[in-house]
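Numbers here are sequence positions counted from 1. Counting convention: from 1, in listed order, for ligands and their atoms alike. Note: hydrogens, waters and symmetry copies are ignored here, and every other heavy atom, side chains too, is used.
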Amino acid sequence: MDFKRNIIITGGAGFIGSHVVRLFVNKYPAYRIINVDSLTYAGNLANLTDIEQAPNYVFEKADICDFERILSIYTQYNVDGVIHLAAESHVDRSIKDPFTFAQTNVMGTLSMLQAAKAHWNGEYTDKLFYHISTDEVYGTLEFDGTFFTEETSYDPHSPYSASKASSDHFVRAFHDTFGMPIIVTNCSNNYGPYQFPEKLIPLFINNIRHGKSLPVYGAGENVRDWLYVVDHARAIDVIFHQGKVADTYNIGGFNEWKNIDLIKVIIKTVDRLLGKEEGASLGLITYVTDRAGHDLRYAIDSTKLKNELGWEPSLQFEEGIEKTVAWYLDNQAWMDNVTSGGYQEYYEKMYK
Ligand code: NAD
Ligand code: TYD
């Protein structure tokens, strides 16, 4: 079958990538979606069982750092579009193991770019390399009502955000130097189904369920801007199709929460859905040593995306968090699978 487009989505077995793959496979039957993922601890094909048999879906287990392999995938499928999400994504891991972050996020992105350049060979009509980045590259804000805009200078503080900033620079350099059509987007914290339970929201839902303590870093005063993952996938769809080449778009929910306030909402929602008295699990909150270099506040201004391309979040936070908690409680088998066995040992060593 001839496909209208052949699009690589890297990191499609991860949290956000799986939602992007699902959206594209279902919405665009005329596109072939090639999920390129090396299946690290964060990659899980169980996130995609509902679409894995679709005729327009292919999975290629490959490391983005393996240039020859990536180039052969571009050639085999005659790829004309890339949505690049594969990355090491957890700040705490980047503090313990920055080399892996530089390798995957910087060298892996460079390998994806260099292979696209080789495959497209200067013929860039109707091609696009779309790179998914984070608001964390902008650094940190005070409690002063300001926001990160597309003009905010980069000021990364963690090895994770430094590696993402570096990869963003490489992507823009491939436009400026070689004329490659690129787009970069910087999104705020995502939440929703299929997120690996090392990140705040799924970790805490799982711990509450098991009556385990909830480690709040520092005083719990840090602020994050939370966006439902399906709304991020919707934004990626709109930008992939209508975004301006060489441009940057910020994606966010205008939904800032102080960690401790968010944690209390999670506790009350889990308690209620488990049929307990709301707040019964508040005693699980345990204040622990702060994360090194912990950014105080992230807040994204996504006005440009709204004004230029008409995208807005579709879900109110109250609805999103209710759906998310319900999903994790209903999908305990998924959770047990990713937190059990050999992995658990690694996990406990990381967080002891
Ligand atoms: P994730 O950790 O859940 O998934 C990452 C995926 O990439 C996994 O499937 C993993 O197997 C794959 N991967 C890792 N290294 C690879 C390699 N060398 N080769 C091939 N595949 C590899 O991450 P996520 O939270 O879904 O984030 C996806 C992207 O979105 C990342 O680029 C991240 O920086 C960005 N982002 C995340 C958030 C968030 O809140 N999670 C917010 C903004 C931006
Ligand atoms: P996280 O989900 O790791 O995302 P990020 O660090 O990329 O924003 O953490 C969200 C916030 O929650 C962040 O301020 C760190 C804090 N946090 C805790 O207080 N305890 C935890 O166990 C974790 C994982 C995070």
- Message: Any atom of ligand 1 sitting under 4.0 Å from a heavy atom of G12?
- Response: no

- Item | Whether S158 side chain and S161 backbone form a donor-acceptor pair below 3.5 Å | yes

- Item | Option of least heavy-atom distance to atom 5 (C) of ligand 1 (set: A87, G11, S111, G108) | A87

- Message: Please report whether ligand 2 has a polar contact with K199, defined as an N or O pair separated by less than 3.5 Å (distance criterion only).
- Response: no

- N/O to N/O below 3.5 Å, does that happen between V36 and ligand 1? no

- Among protein heavy atoms, which sits nearest to atom 10 (C) of ligand 1, and what does the distance come to when rounded to 0.1 Å? T40 OG1, 3.2 Å

- Message: Looking only at protein heavy atoms, which one is nearest to atom 8 (C) of ligand 1, and what is the separation?
- Response: D37 OD2, 3.5 Å

- Query: Can you check whether E60 reaches Y77 side chain to side chain, under 4.5 Å on heavy atoms?
  - Reply: yes

- Query: Between E136 and Y298, do the side chains contain an N or O donor and an N or O acceptor separated by less than 3.5 Å?
  - Reply: yes

- Please determine if S89 has a nitrogen or oxygen closer than 3.5 Å to a nitrogen or oxygen of ligand 1. yes

- Using a distance-only test with no angle check, is there a side-chain donor-acceptor pair under 3.5 angstrom linking T149 and D301? no

- Flag S38 as yes when one of its N or O atoms lies below 3.5 Å from any N or O atom of ligand 1, and as no otherwise. yes

- Residue E198 vicinity, atoms of ligand 2 by number, heavy atom under 4.0 Å: 24 (C)

- Task: Check salt bridge (charged side-chain N to carboxylate O under 4.0 Å, His left out) between R297 and all other residues, then give those that pass, not counting sequence neighbours.
- Result: D144, E256

- Query: Any side-chain donor-acceptor pair under 3.5 Å between Y217 and N222?
  - Reply: no

- Query: Got the closest protein heavy atom to atom 4 (O) of ligand 1, with its distance?
  - Reply: G14 CA, 3.5 Å

- Message: Residue-level breakdown please: for N189 versus ligand 2, do any non-hydrogen atoms fall below 4.0 Å on the side chain, on the backbone, on both, or on neither?
- Response: side chain

- Residue part near ligand 2, for L200, under 4.0 Å between non-hydrogen atoms: both

- Query: Is the shortest N/O to N/O distance between N259 and ligand 2 below 3.5 Å?
  - Reply: yes

- Could you tell me the residue and atom name of the protein heavy atom closest to atom 42 (C) of ligand 1, and the distance to it rounded to 0.1 Å? S188 O, 3.3 Å

- Taking only non-hydrogen atoms of T134 and a 4.0 Å limit, the atoms of ligand 1 in range are 43 (C), 44 (C)

- Check whether any side-chain N or O of H210 sits under 3.5 Å from a backbone N or O of N206 as a donor-acceptor pair, and report yes or no. yes

- Query: Do other residues, nucleotides or ligands put more than 12 heavy atoms under 6.0 Å from the NZ atom of K323?
  - Reply: no

- Could you say whether the N/O atoms of D63 and ligand 1 ever approach to under 3.5 Å? yes

- Message: If I apply the N/O under 3.5 Å rule, does A86 come out as touching ligand 1?
- Response: no

- Task: Measure Y160 to ligand 2 on non-hydrogen atoms and call it side chain, backbone, both or neither using the 4.0 Å cut-off.
- Result: neither

- Message: Could you check whether atom NZ of K276 has more than 12 heavy atoms from other residues, nucleotides or ligands sitting under 6.0 Å from it?
- Response: yes

- Query: Can you tell me which residue and heavy atom of the protein come closest to atom 34 (O) of ligand 1, and the distance to 0.1 Å?
  - Reply: Y160 OH, 2.7 Å

- Task: Report yes or no: do R93 and Y41 form a side-chain donor-acceptor pair below 3.5 Å?
- Result: yes

- Looking only at protein heavy atoms, identify the closest one to atom 31 (C) of ligand 1 and say how far it is in Å. L85 O, 3.1 Å

- Is a side-chain donor-acceptor pair under 3.5 Å present for D80 with Y31? no

- Note on the structure: Short version for V288: what comes under 4.0 Å of ligand 2, heavy atoms counted, is neither

- Query: Between T125 and E123, do the side chains contain an N or O donor and an N or O acceptor separated by less than 3.5 Å?
  - Reply: yes

- Short side-chain donor-acceptor distance under 3.5 Å, R32 and N6: yes

